[in-house]
A.B. asks: 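Right, I'll just put the structure down here and ask away after.
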Amino acid sequence: MTDKSSIEKRIAELRGLIEKANRDYYDLAQPTVGDRDYDMWEAELLRLEKENPEFATADSPVRNVAGGVSEGFAKVAHEPPMQSLDKTHSKEELADFDTMVRKEADGFTYMVEPKIDGVSLSLRYENGILVRAATRGNGRVGDDITANARTIKTIPQVLPPTAPKTLEVRGEAYMTREGFVELNKRQAAAGLEEFANPRNACAGSLKQQDARVTAERPLDVVIYNAGGVGCDGFASHSEMIAAFRAWGFPVAPWSKSCGTMDEVFAAIDDLQERRHSFRFEIDGAVIKINERRFYDVLGTTAHGPRWARAYKYAPERAETVVESITVQVGRTGILTPVAELRPTELAGSVIARATLHNADQIARQDIRVGDHVWLVKAGDVIPAIDSVIPEKRTGEEKVFEMPRTCPVCGGEVVRAEGEVAMRCVNPACPAQLSRRIEHFASRNALDIRALGETVVDALVGQKLVADPLDLFSMRVVDLYAVEISGRRFGKNAQTVMDALAAARSLPLHRWLFAMGIPNVGVTVAKDIAAEHGKMSDLVDSAVLRNVIANDAKKGKDRQILQIKVEAAKAVLGFFEGEYGKRFLARMAELGIDPKSEKPAEVRTEGPLVGMGCVLTGTLSRPRGEYAKLIEAAGGIVQSAVTSKTRYLIAGENTGATKTEKARKLGTEVIDEARLRELLSRGS
Ligand code: IVH
């Protein structure tokens, strides 16, 4: 990659990948990539931005603390902001850090602590009483989770009189390892989705609207950092930690004071050996300068303090053998090859399978059946094959070929142009059906919680359902008797029935998303639903046909419209097809007629009548709140700027590319204050 345009493209691509990973990890608490890939993207992006400063922007994810603030919680401003830590991955990088520090400071020592893989939080005390707990959020503004934090037994509610009257401390909340295993057993038994890892389970538990749910989760904390008030009087980090302990806060059960870098290296090796002995998961060590008088001298970067560094442990790996490669069929018919491995223990669990993504990936890594391979996990959600060990080849290994027919239904398999994936194109394929039903029941779709993978497979396998809509004609007695791994579904049957009854009146966008039409994700479904009143309006919709027609005429707006054009085509195609027609007829028979949450016709009154508005950046109030106000004023909230957007409401940290694009399209860029002014004009 030498020419500038391909570098710029790669930078954009990396930002997209990192931003999506951040959203999945922080906002949805559903990680989609492993730490290793994430760190590699981050390192590559940092390097490219450094070598090509003309492409570096202030809103780049490597220059901001990841992790958004969620709706439904009061907001808490962090002063000073809660930062992240710069990472190192090798002792050489750590030695460079030491050299950098020595240029500016002299006569200091280090503390090495475990880097806990949890959720950072801040605790504020007034008159010695816990008054506020908050998540980091985006670093400047977090979510108020006081009620939830009060359920964590080890967080002191009242401090001893020796503690400062007003105090803020910061640390990490985590879910204990044993607690995590127990919780997942409970989830599975209740037919609910299991959590991917303790960090995720912790994040999900802290973001509960009902503190009684949090109270049942095995959470704990470690306090390791000063907050904005009450922590100034300490000469060293270790003295401060000792005081925290004396005031009743849980602190790290292990830490080491080091005078030299050799001692630091020995400490991080020692910690690595102990990593599985803690109640929490750790993903590295944190190296901090102990003498606090150097903190101001060294200062901070946008990312983190210059007096501390994280040292990430190389992902643990284990050698195993690829015994065979099987192929799974997903909701849209995509065939995914999976390596069936000789079971091996890695990072505390036994692994027997790893996804291989697609045929190209297998070819790229040259993975053959019978190969010895390195398996990685390291806090990752999904185990993955890191590399083949070629020295161990005997010549007996077999190159894998994707099947030419669907392994489940025997139907035709095609590889669409420009796609890496192969698809089974038989709409009646039972594997696709199971996954479609699972999607239909998923949280953002119809939210029928007790219908997880195993339950759905059982329903399809026992021929109780042959289509997602069949769920609505199931009888509670049949469901009660369904056998799942040798046991009856039992009491959960009623839970499913209740959820199905509730699903009947969910709004149009939820149903549209539930149908699993390609290219129709949550946001697109909302956009489309907002333009239509009910499901049958989507058939041969003039709005959708217009989107496609305009796209053919235009050139400029193409990129912005692209998603919608693809989605518009897919939706029209869906209802033109036999299946779509039957689906609609069946809904009518079942008496299900979801309505758009917004009336199809635009309000005719209000200061923003008919005006498209896009909210972006960090705003002082939740987006949902502003969206409601804009709609009440007659405005239309859009997910992306198009030629129809009148205002781009830009919060803090809005990227320059976004505002420029808006200006080019004739959209006025305004701030929050101006929006409030417009809203307050009344109609
Ligand atoms: S000190 C200004 N100490 O790791 C931030 N952080 O990846 C100073 N973390 O945001 C943080 N264990 O949430 C510190 N012993 C420890 C830590 C720790 C885990 C977290 C923290 C931070 C993140 C960076």
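Every number for a ligand or one of its atoms is a count from 1 in the order of the listing. Hydrogens, waters and symmetry mates are skipped; everything else that's a heavy atom, side chains included, is used. Quick note: residue numbers are just sequence positions, from 1.
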A.B. asks: Judged by atom type as modelled, is there a donor-acceptor pair below 3.5 Å linking the side chain of Q365 to the main-chain atoms of D386?
C.D. replies: yes
A.B. asks: Can you confirm if the aromatic rings of Y174 and F278 lie within a centre distance of less than 6.0 Å?
C.D. replies: no
A.B. asks: Provide the full list of salt bridge (charged side-chain N to carboxylate O under 4.0 Å, His left out) pairs with a residue in residues 243-266, sequence neighbours left out, each pair given once.
C.D. replies: K256-D270
A.B. asks: Distance alone, cut at 3.5 Å: any donor-acceptor contact between the side chains of H276 and E281?
C.D. replies: no
A.B. asks: With a 4.0 Å cut-off, would you call D117 and R199 a salt bridge?
C.D. replies: no
A.B. asks: Between the protein and ligand 1, are there any N or O atom pairs that come within less than 3.5 Å of each other, and if so, what are their names and distances?
C.D. replies:
from     : atom 1 : to   : atom 2 : distance (Å)
ligand 1 : 3 (N)  : K288 : NZ     : 3.0
ligand 1 : 4 (O)  : K115 : NZ     : 3.4
ligand 1 : 7 (O)  : K115 : NZ     : 3.0
ligand 1 : 9 (N)  : Y224 : OH     : 3.3
ligand 1 : 10 (O) : Q83  : O      : 3.4
ligand 1 : 10 (O) : R136 : NH1    : 2.8
ligand 1 : 12 (N) : I116 : N      : 3.0
ligand 1 : 13 (O) : S120 : OG     : 3.4
ligand 1 : 13 (O) : E172 : OE1    : 2.8
ligand 1 : 13 (O) : Y224 : OH     : 3.0
ligand 1 : 15 (N) : E113 : OE1    : 2.9
ligand 1 : 15 (N) : P114 : O      : 3.1

A.B. asks: Are K288 and R309 close enough that some pair of their side-chain heavy atoms sits under 4.5 Å apart?
C.D. replies: no
